[in-house]
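Bear in mind that the values here come from a model prediction, so they are computed numbers and not experimental data. These numbers come from the heavy atoms of this one structure, side chains and all, not from hydrogens, waters or symmetry mates.
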Amino acid sequence: MMRSRYWMRMSMSIVILLTANVSLGDDWPTYNHDNARSGITSEQLPQALSECWRFQCNHAPEPAWPPPAAQDFWHNHNQLRATVIYDRAFHTVAVRDAVYFASSADFSVYALEAKTGKVRWVFFTGGPVRLAPVVAGSKLYVGSDDGCVYCLDTDNGSLIWKYEDAAENSMVPGNGRMISFLSVRTGLVVDAGKVFFAAGLFPIEGTFLFALNAESGSVLWREKLNVSPQGYLLASTQNLYIPTGRTGPVSFARENGKFRGEFDSAGGAYTLLVENTLVTGPGRGAKQLNAADVTTNETIATFGGMRMVVNGHIAYMQSEKGLTAIDRRKYLALSKQRIALYSRQKQISDQLKKLARNSAPANELKDDLRNIQISLRQNKESLEQCFIWKHACDDTYSLIMAGSTLFVGG
């Protein structure tokens, strides 16, 4: 497959493509490359990059959610951070010789020539389009705040089919626009002849998870949710994972949409699936990523970062001030040990509160508590040794890997 080889950056209203050599290229058909949102491509880009062309949008993105309040007095959370920031920039996908993105400002989907940046076609929906489209074969799939999912021809942007849940799709004012109660604010997953997505804003008004036939748009199944789906959907071979922004992500069976479980998290619309580990965050308060075992839904590690890509045994983590490489297998093993030690420490502390100070059992428990504290200190020292390298970096919100090179963005 021949196409222009390039690197892209989409800021608030500008697309920048870099390098114009022609060679074999790896497609980027969905947000962060694949349904696990890995952010990794096998294509190795040249180190010397230069601007090839620039596309200027008429309007900057119009995010759905305002910044959070300064403080949550009820839960005693200070300096709250925004957790639903998936639509503050345009996100691009690229397949063959075209680049595609959608706009929350003018309700449209754009197709650009990869070599020149020239507009190939524009398709207008009935509401803001907040997340990147998905390209599968010769079709492009995208969801909109108008409550509809569209299937378009990638060659000319013509409509192939449109799905709308007419029984539930009522329009209301939102962000200065008319939007649907069933706004589609999850990225779509297109796989194995099916289109998966979630729609709806507030569970009390109705939020749903759908599976459609990718060829016809007919409904395969539809399941009611009890969460507000916000951000890019993820998929493994068995499950779907839905971020919710202000609360923890939830999982459902791909086969029928049945609920599989929820994950303890401080929120965040960023998610990443690595083998049997779901990474999510950063939440309302601490600038951290939570890693959970998808088979047990239990937290197995906490990383002090914002974004992550994982290649083999190394995890590359982006924080507000730095970029770090971590031996993730060692880190996860030590983190599990640390969680178990903290759990045992709490159990002993609770037991001591119930016992008389001078009783023999209390003295034995105090010895156990001291040993646990020693083990925790040793564990902390071992965790520090898991960091392979660190570099200062102020770019916080975008991280991908092309070949053996990391690219970061703010």
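Note on ring orientation: taking the six-membered ring where Trp is involved, the planes of Tyr331 and Phe387 are perpendicular (angle over 60°, cut-offs 30° and 60°). Between His33 and Trp28, the ring planes are perpendicular. Angles over 60° get that label, and only those under 30° would be called parallel.
Looking at heavy atoms from C-beta onward, Tyr241 lies in side-chain contact with Leu278 at the 4.5 angstrom threshold. Two residues are said to be in side-chain contact when any heavy atoms from C-beta on lie closer than 4.5 Å; Thr154 and Val95 fail this criterion. Contact annotation: the side chain of Asp106 never approaches that of Val122 to less than 4.5 Å [non-hydrogen atoms, C-beta and beyond]. Residues Leu341 and Arg344 are not in side-chain contact: their nearest non-hydrogen atoms beyond the backbone lie 4.5 Å or more apart. Looking at heavy atoms from C-beta onward, Phe263 lies out of side-chain contact with Thr280 at the 4.5 angstrom threshold. Ser236 is listed as a side-chain neighbour of Leu273, based on a closest heavy-atom distance under 4.5 Å.
In summary, the aromatic rings of Phe210 and Tyr163 are positioned with their centroids under 6.0 Å apart.
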Exercise for the section: Begin from the C-alpha positions of Val310 and Glu275 and carry the test side-chain contact (heavy atoms from CB on, under 4.5 Å) through to its verdict. Expected result: CA-CA 10 Å; Val310 177; Glu275 297 171 352; over 6 Å; no

Exercise for the section: Step by step, work out the side-chain contact (heavy atoms from CB on, under 4.5 Å) result for Lys330 and His313. Expected result: CA-CA 9 Å; Lys330 288 183 180 179; His313 74 285; over 6 Å; no

Exercise for the section: Give the C-alpha distance, both sets of side-chain angles, the deciding distance and a yes or no for side chain to side chain donor-acceptor pair (under 3.5 Å) between Glu43 and Thr41. Expected result: CA-CA 5 Å; Glu43 183 171 0; Thr41 173; 4.8 Å; no

Exercise for the section: Check the pair Glu262 / Asn297 against side-chain contact (heavy atoms from CB on, under 4.5 Å), numbers first and verdict last. Expected result: CA-CA 7 Å; Glu262 59 183 308; Asn297 297 354; 5.9 Å; no

Practice task
Might you work through the side-chain contact (heavy atoms from CB on, under 4.5 Å) test for Leu152 and Trp121, ending with a clear yes or no?
Solution key: CA-CA 11 Å; Leu152 310 178; Trp121 53 257; 4.0 Å; yes

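Taking every heavy atom of both residues into account, Val184 and Gly147 meet most closely at CG2-C, 4.3 Å. Shown here for Tyr110 and Ser103, the closest heavy-atom pair between the two residues is CE1-CB, 4.3 Å. Summarising the geometry of Gln230 relative to Thr186, their closest heavy-atom pair is N-CG2, 4.2 Å, with the distance given to 0.1 Å. Residues Ala301 and Phe303 share a closest heavy-atom pair of CB-CE1, 3.9 Å. Among all heavy-atom pairs drawn from Leu182 and Gly206, the shortest one is CD2-O, 3.7 Å. The two residues Pro128 and Ser104 come nearest to each other via the heavy atoms CB-O, 3.4 Å.
Residues satisfying the salt bridge (charged side-chain N to carboxylate O under 4.0 Å, His left out) test with Asp350, not counting sequence neighbours, are Lys346. Residues passing the side-chain hydrogen bond (donor to acceptor under 3.5 Å, both in side chains) test with Ser42, sequence neighbours excluded: none. A search for salt bridge (charged side-chain N to carboxylate O under 4.0 Å, His left out) contacts involving Arg260 returns nothing, not counting sequence neighbours. The salt bridge (charged side-chain N to carboxylate O under 4.0 Å, His left out) test applied to Glu215 returns Lys139, not counting sequence neighbours. Not counting sequence neighbours, Arg329 has no partner by the side-chain hydrogen bond (donor to acceptor under 3.5 Å, both in side chains) test. With sequence neighbours excluded, no residue satisfies ring pair (Phe, Tyr, Trp, His ring centres under 6.0 Å) with Tyr270. Residues meeting the ring pair (Phe, Tyr, Trp, His ring centres under 6.0 Å) test with Phe107, sequence neighbours left out: none. Partners of Phe259 by ring pair (Phe, Tyr, Trp, His ring centres under 6.0 Å), not counting sequence neighbours, listed by chain and number: Phe252. By the side-chain hydrogen bond (donor to acceptor under 3.5 Å, both in side chains) test, Glu62 pairs with Arg177, sequence neighbours left out. Scanning for salt bridge (charged side-chain N to carboxylate O under 4.0 Å, His left out) contacts around Asp87 gives Arg130, with sequence neighbours left out.
Looking only at distances, no side-chain donor or acceptor of Tyr86 sits under 3.5 Å from a matching main-chain atom of Gly245. Judged by distance alone, the side chain of Ser375 and the main-chain N or O of Asn371 form a donor-acceptor pair under 3.5 Å. Between the side chain of Thr244 and the main chain of Gly248, a donor-acceptor pair closer than 3.5 Å is present. Of the possible polar contacts, none joining the Thr324 side chain to the Lys390 backbone as a donor-acceptor pair under 3.5 Å is found. Remark: the backbone N or O of Leu334 is paired with a side-chain donor or acceptor of Asn379 at under 3.5 angstrom. Side chain of Arg185 to main chain of Pro229: no donor-acceptor pair is present (N/O by atom type, distance under 3.5 Å, no hydrogens or angles). Checking side-chain atoms of Ser319 against main-chain N and O of Gly305 turns up no donor-acceptor pair under 3.5 Å. Counting only distance, with no hydrogens or angles, the side chain of Arg328 and the backbone of Cys386 share no donor-acceptor pair below 3.5 Å.
For the ring-ring contact (aromatic ring centres under 6.0 Å, His included) with Tyr150, the qualifying choice from Phe123, Phe124, Trp161 is Phe123, the only one to do so. When each of Val109, Val93, Thr92, Val129 is checked for a side-chain contact (heavy atoms from CB on, under 4.5 Å) with Phe101, only Thr92 meets the rule.
To the nearest 0.5 Å, atoms CG (Asn32) and OH (Tyr232) are separated by 8.5 Å. Annotation: the span from Thr207 atom OG1 to Phe181 atom CZ amounts to 12.5 Å, rounded to 0.5 Å. To the nearest 0.5 Å, the span separating CG on Leu369 from CD1 on Ile348 amounts to 5.5 Å. Between atom CD of residue Gln318 and atom CG of residue Leu289 there is a gap of 10.0 Å, rounded to the nearest 0.5 Å. Note: Leu140 CG to Tyr100 OH = 6.5 Å, rounded to the nearest 0.5 Å. With rounding to the nearest 0.5 angstrom, the CG atom of Asn35 is 11.5 Å from the OG1 atom of Thr237.
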For residues 402-410, run the donor-acceptor check on the side chains, cut-off 3.5 Å, and write out each pair with its distance to 0.1 Å, sequence neighbours left out.
unit_1: Ser404; atom_1: OG; unit_2: Gln44; atom_2: OE1; d: 3.0
unit_1: Thr405; atom_1: OG1; unit_2: Gln44; atom_2: NE2; d: 3.0

Taking distance alone, no hydrogens or angles, what donor-acceptor pairs closer than 3.5 Å link side-chain atoms of residues 189-199 to residues at least two apart or in another chain?
unit_1: Asp191; atom_1: OD2; unit_2: Arg254; atom_2: NH1; d: 3.1
unit_1: Asp191; atom_1: OD2; unit_2: Arg254; atom_2: NH2; d: 3.0

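A salt bridge is absent between Arg96 and Asp27: the closest approach of a Lys/Arg side-chain nitrogen to an acidic carboxylate oxygen does not fall below 4.0 angstrom. Between Arg120 and Asp97 there is a salt bridge, since at least one side-chain N of the basic residue sits less than 4.0 Å from a carboxylate O of the acidic one.
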